[in-house]
**Student:** 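First, the structure itself, so that you have it in front of you.
Each ligand, and each atom within it, is numbered from 1 in the order the structure gives.
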Amino acid sequence: MEVAPKIAPSMLSSDFANLASEAHRMLNLGADWLHMDIMDGHFVPNLTIGAPVIESLRKHTMGYLDCHLMVTNPLDYVEPLAKAGASGFTFHVETSKNNWKELIQKIKSHGMRPGVALKPRTPIGDVYPLVEAENPVEMVLVMTVEPGFGGQKFMPEMMDKVRILRKKYPSLDIEVDGGLGPSTIDMAASAGANCIVAGSSVFGAPEPAQVISLLRNSVEKAQHTMI
Ligand code: DX5
Ligand code: ZN
């Protein structure tokens, strides 16, 4: 399998008042990406950050900003987020049934990497057309909790989705998000996930570096045993 492990601490669990130093700390401790949860208080019952905060953070880091759009109208966010310096733009399939082609095209033409996310109750088949399109998404984010908040319990039953995706698309980036940490990573890694979002388990640990490397080792080990 070709897909590189990417460990992405969720900045939702960081100290927002010290975002730049939290970002530096995570990258120095071995994180590959910084996962940025953008919520509009409508698609999910929580409100977090938007383009202005991404723009401020971008002035302090060259790191990959993996933006997860939990918003009702992702199309409206493409331009502002591109200008702000976002790297990845992952929208939810539930919000984009009718305009995903336009969205993918716009995300790419603005120099960002498109991904699609799905909520726990959304069937996996809903994302196939976006992965198989002529102009496809480059990542699928399988939510392993209901989107909206950090610190929730991992849903192991979502691993069927990851397994199906990995079997169908051996070189696709598959991200899991919600409740990932030392006690759940092996389930996700052996199912085939390679991009791992982790908020409370990383920021809440006495030694976040150890958790980051444990997550990475688990993905690498699972990949080697899969071959
Ligand atoms: C939830 C967010 C997650 C969240 C994960 O809606 O998409 O990125 O921050 O947090 P943990 O790892 O604490 O479940
Ligand atoms: Zn997220």
Side-chain angles (χ1 to χ4, degrees), residues 5-16 19 22-23 26 29 31-50 53-54 57 63-72 74 77 81 86-96 112-122 127 137 139-159 161-162 173-189 193-206 208 210-212 214-216 218-219:
K6 302 283 179 199
I7 309 304
S10 171
M11 301 308 285
L12 185 58
S13 292
S14 75
D15 175 4
F16 272 168
L19 196 52
E22 292 281 75
M26 287 302 132
L29 296 181
D32 300 284
W33 291 353
L34 300 170
H35 185 79
M36 309 301 297
D37 286 304
I38 295 173
M39 305 185 192
D40 64 355
H42 186 259
F43 179 66
V44 288
N46 194 8
L47 186 63
T48 53
I49 57 162
V53 174
I54 300 292
L57 181 58
Y64 186 96
L65 302 179
D66 173 38
C67 296
H68 176 195
L69 281 285
M70 286 160 275
V71 302
T72 301
Y77 291 72
L81 276 176
S87 313
F89 186 110
T90 300
F91 58 89
H92 267 264
V93 69
E94 300 84 4
T95 65
S96 317
M112 298 181 292
R113 191 162 180 263
V116 66
L118 71 165
K119 296 209 261 188
R121 270 173 289 215
T122 303
V127 304
V137 289
M139 183 172 82
V140 174
L141 191 180
V142 175
M143 287 302 304
T144 44
V145 297
E146 285 298 336
F149 301 91
Q152 303 181 76
K153 200 169 162 286
F154 178 78
M155 302 167 78
E157 59 279 24
M158 294 303 124
M159 294 307 96
K161 292 180 178 176
V162 175
D173 270 336
I174 303 175
E175 187 169 63
V176 282
D177 183 9
L180 271 307
S183 60
T184 51
I185 183 60
D186 288 344
M187 283 184 265
N194 67 299
C195 303
I196 312 296
V197 177
S200 42
S201 70
V202 168
F203 284 94
Q210 281 178 7
V211 178
I212 292 171
L214 183 152
L215 297 173
R216 184 187 312 288
S218 173
V219 173

**Student:** Could you measure the distance from the CG atom of L12 to the CE atom of M70? Nearest 0.5 Å is fine.
**Tutor:** 7.5 Å
**Student:** What's the shortest heavy-atom distance between M26 and M11, and which atoms?
**Tutor:** CG-SD, 4.5 Å
**Student:** Testing H42, E94, H92 one by one against T72 for a side chain to side chain donor-acceptor pair (under 3.5 Å), which residue passes?
**Tutor:** H42
**Student:** Quick one, list the residues around ligand 1 where some non-hydrogen atom comes in under 4.0 Å, by chain and residue number.
**Tutor:** S10, L12, H35, D37, M39, H68, M70, M143, P147, G148, F149, G150, G151, D177, G178, G179, V197, A198, G199, S200
**Student:** Within this structure, what is the OG1-CG distance for the pair T90 and D37, rounded to the nearest 0.5 Å?
**Tutor:** 10.5 Å
**Student:** With rounding to the nearest 0.5 Å, note down the distance linking NE2 in H68 to CG in D177.
**Tutor:** 5.5 Å
**Student:** Any donor-acceptor pair under 3.5 Å linking the side chain of T48 with the backbone of M39?
**Tutor:** yes
**Student:** Distances under 2.8 Å only: what protein N/O/S atoms are near the Zn ion (ligand 2), ordered by chain and residue?
**Tutor:** H35 NE2, D37 OD1, H68 ND1, D177 OD2
**Student:** Distance check, rounded to the nearest 0.5 Å: Y64 atom OH versus R113 atom CZ?
**Tutor:** 5.0 Å
**Student:** Salt-bridged, K6 to D66, with N to O below 4.0 Å?
**Tutor:** no
**Student:** Would you name the heavy atoms of S10 and V197 that are closest together and state the gap between them?
**Tutor:** CB-CG1, 3.8 Å
